[in-house]
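So you know, we letter chains A, B, ... as the sequences are listed, proteins then strands, and number each from 1.
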Amino acid sequence: MKKAVFLDPERCVGCGACVVACMDENDIYPEKGEPPLRRVYQIEDRRISENGIIYISIACNHCEDSPCLIACPTGAISREPGSGRIVTDTSLCIGCHSCALACPFGIPRYNAEEKMYKCTLCGDRISVGLEPACVRVCFQEALSLESANDFQGKKEKALMESLIKATSQKRIGFRE
Amino acid sequence: MRLEQSKAVVIGNGCAGAECIIAMRDNGYEGDITMLTSSKWPIYNPMLTTYFAAGKIEFAQLFPYGSNEEFTKKYRVKIHGSSPVISVDAEKRWVVTDKGLEFQYNKCLVASGASPFLPHIPGIDSEKVFTMRTVEDALRLKSVMETKPRQVLVVGASMVGVKIMELCHQKGIEVCLVDMAPHLFPLAASPQCAAVLEERLKRQGIRFRFNARLGKIEETPGGIRACFSGSEASEEADMAVICIGVRPNLSFVNHEQLVVKKGILVNERMETNMPGLYAAGDVAQGNNLLTNQKQIIGLWANARYQGRTAGRNIAGKPDKYPGNIPHNITHFMGMDFISIGDVANYDYTEVKQHKNKYIQLFWKDGLLSSANLIDEFYSSGAVKYALIKGLKKQEKMKTGALPVAQDILIRELITEVMKG
């Protein structure tokens, strides 16, 4: 079953370990102007969480119906059969930046030769049963590699637990 | 006359037709499929023609779906090349080609694409006048580039025109860019944004002539002279490339049967008003999410989505394509120009500039309605989706406030850009 890296924003503390692990694994040199494949954003807003701050660790989501793949004029972007990873054939990339405008998450970056590059879901690692580098290093366990169904199941379980907790607390309140 | 039975007929061999066929096979369509096209080439992408003429890609790369043989084998489709359709009778479900081939269909997709528009002016048929759309156009332009012209007149200051300008400039050719509009990217850019782009291009040696409507073209011993309507002025060059837009290829359509405005009107399933007949790509007038009007949005991605949607529905898997908004990214002369939505229709606009980056956002009725970005492609996709998301929420909204997510995103984007 197709798996992807999921983020639990409630666990992410924005430490950036995933970014470093990703740069190490993929030999990214920021000092040469190469942007990392995974990035962490800090978003401050009172309307989004209790303390008004959340961290989002993001890389290519390897979308189910990838807009970048559709927008690519040359067929350089494709879905790998089996793993479902979205992969780039740089020999076909013409550096037109169409994928940048197609991606809702601002993922595509371009190297000095104007070829698009992005997260490959650590293809070499997952093909031998290892986790992607970012997931492996995340001590908060905010990042996880799983199927969409498993992730959804976990989210629903957590929601049910918090609902039960909230209603039981309310009952206690009534008794007092 | 020869009658052939084909349950499904696809007219046109662009990406809309290709995606339709792929979607049909992916969704279990087992009947035979025939593709009819005026082109003798495999399925190609018109956008790549300028890249080929510039020598940036090989000839084979013009064809993202591979050769006709590969496509035929993989998707079990019979392709009739160099066979333009001359009529479609949607009542009798009957298609006729110029070679006298006739097809009775059960389902048919019209995806015949568009052709460059040429004004009816004296001299337009000169051999020194070029267009840019087809494989033939690309081959012709590439071969004339080998004769090393010194001056080229590019008529039409939009996406294709600037790519022609770029390829000439990179070969050391002097370029004059002409448009009847008052500025660069007249449909996609605001006057302020266009001024920024024009300034940068002038510094690279590009010459402009705006507010100039082409009146006639005269051949001179060395090339051409372009004269402009209502003006004494003229421009001389070795050749002219005319890229002032395209028109849908609909000569074979019966307007009494089919509802056609600028293109064939389609619903979210890509159905026309005639049963069994679908349309997709540059001939189809689908939904513009921004205006809720039907509009041809001539984009590669849009054509693929529409073709795929038609294919799924033909194969019996119901699918809807809600529509799109006009958007474009043009990477040229070392910069990116991005346009999202409609910059001509807004209540309020805001411009932020930092170093080479330029961000102009436009609001209409309290919602983000369009954007012009220069050299800020990182966030362009997020802005586009925020805009579309805002539109979808619009109906549910009680106040004129911007949806929270959209608001946060735009603020983050501007902060990020200002940091450099």
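- With a 4.5 angstrom heavy-atom cutoff, B/Ile340 touches chain A only via side-chain atoms.
- The contact between B/Ile329 and chain A is made by backbone and side chain atoms together, counting heavy-atom distances below 4.5 Å.
- Between B/Lys384 and A/Leu101, the closest heavy-atom pair is NZ-O, 3.5 Å.
- Here B/Tyr385 and A/Phe105 keep their ring centres 6.0 angstrom or further from each other.
- Side chains of B/Pro64 and A/Thr74 form no contact here, defined as non-hydrogen atoms less than 4.5 Å apart.
- Between B/Tyr305 and A/Pro67, the shortest heavy-atom distance links the atoms OH-CA, 3.6 Å.
- Residue with the most contacts toward chain B among A/Ser98, A/Cys96, A/Pro73: A/Pro73 (heavy-atom pairs, distance under 4.5 Å).
- Using a 4.5 Å cut-off between heavy atoms, B/Asn302 makes no contact with chain A at all.
- Summarising the geometry, atom SG belonging to A/Cys72 is positioned 9.0 Å from atom CH2 belonging to B/Trp300; distances are rounded to the nearest 0.5 Å.
- At least one donor-acceptor pair closer than 3.5 Å links the side chain of B/Gln61 to the backbone N or O of A/Leu92.
- Distance NE2/A/His97 to CD1/B/Ile338: 9.0 Å, rounded to 0.5 Å.
- Note: A/Ala71 leads A/Cys68, A/Gly75, A/Ala71 in heavy-atom pairs under 4.5 Å with chain B.
- To the nearest 0.5 Å, the span separating CZ on B/Phe377 from SG on A/Cys103 amounts to 12.0 Å.
- How far CD1 of A/Ile70 is from CD of B/Glu19: 5.5 Å, rounded to the nearest 0.5 Å.
- Here B/Arg308 is the residue among B/Arg308, B/Glu58, B/Lys56 with the most heavy-atom pairs under 4.5 Å with chain A.
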